[in-house]
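Owing to the predicted nature of the structure, the values given are computational and were not obtained by experimental measurement.
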Amino acid sequence: MGTIVTIEVVGDHSEEAIERAFGWFRDVERLCNRFDSQSELRRLTAHPGIAVPASAILYAAVEFALAVAEDTGGAFDPTVGRRMETRGFNRDY
């Protein structure tokens, strides 16, 4: 999603553990990228009001977004995607 990820390793950790951490970020990107037509997030948003299976990662992200929206009294609004797209925020830079 255009974010650079750096992992700082402290102590004795295996390359396998480091690769597993980067793999988690790749999974999040694959599932939650709003610009990738094959992402799980895009499949979810393509069918509003219809139950769609969701991975644990996407489910947790949506659940967290809704909790933040509630905690902020709507100041954070995870439903603004369509309105943002109509204003030009519809490109992957």
If you measure from CG on L41 to CZ on F35, what distance do you get to the nearest 0.5 Å?
-> 10.5 Å
Find out whether V62 and P78 are in side-chain contact, i.e. whether some heavy atom of one side chain is under 4.5 Å from a heavy atom of the other.
-> no
Verify side-chain contact (heavy atoms from CB on, under 4.5 Å) between E85 and R34, making sure each step is shown before the conclusion.
-> CA-CA 11 Å; E85 286 180 357; R34 72 183 184 103; 3.9 Å; yes
If you round to the nearest 0.5 Å, how far is CD of E40 from OH of Y59?
-> 13.0 Å
Please indicate whether F64 has more than 12 foreign heavy atoms, meaning atoms of other residues, nucleotides or ligands, lying under 6.0 Å from its CZ.
-> no
When rounded to the nearest 0.5 angstrom, what is the spacing between CZ in R42 and CG in L44?
-> 12.0 Å
Please report the closest heavy-atom contact between T45 and P48, naming both atoms and the distance.
-> O-CD, 3.6 Å
For residues D71 and F76, determine if any side-chain heavy atom of one lies less than 4.5 Å from a side-chain heavy atom of the other.
-> no
Pairing of D77 and R83 as salt bridge, 4.0 angstrom limit | yes
Closest heavy-atom pair and its distance - C32, L58 = SG-CD1, 4.0 Å
Compare all side-chain heavy atoms of R30 with those of F25 and state whether any distance is below 4.5 angstrom.
-> no
So CD of Q38 and CG of L31: to nearest 0.5 Å the spacing works out to 12.5 Å
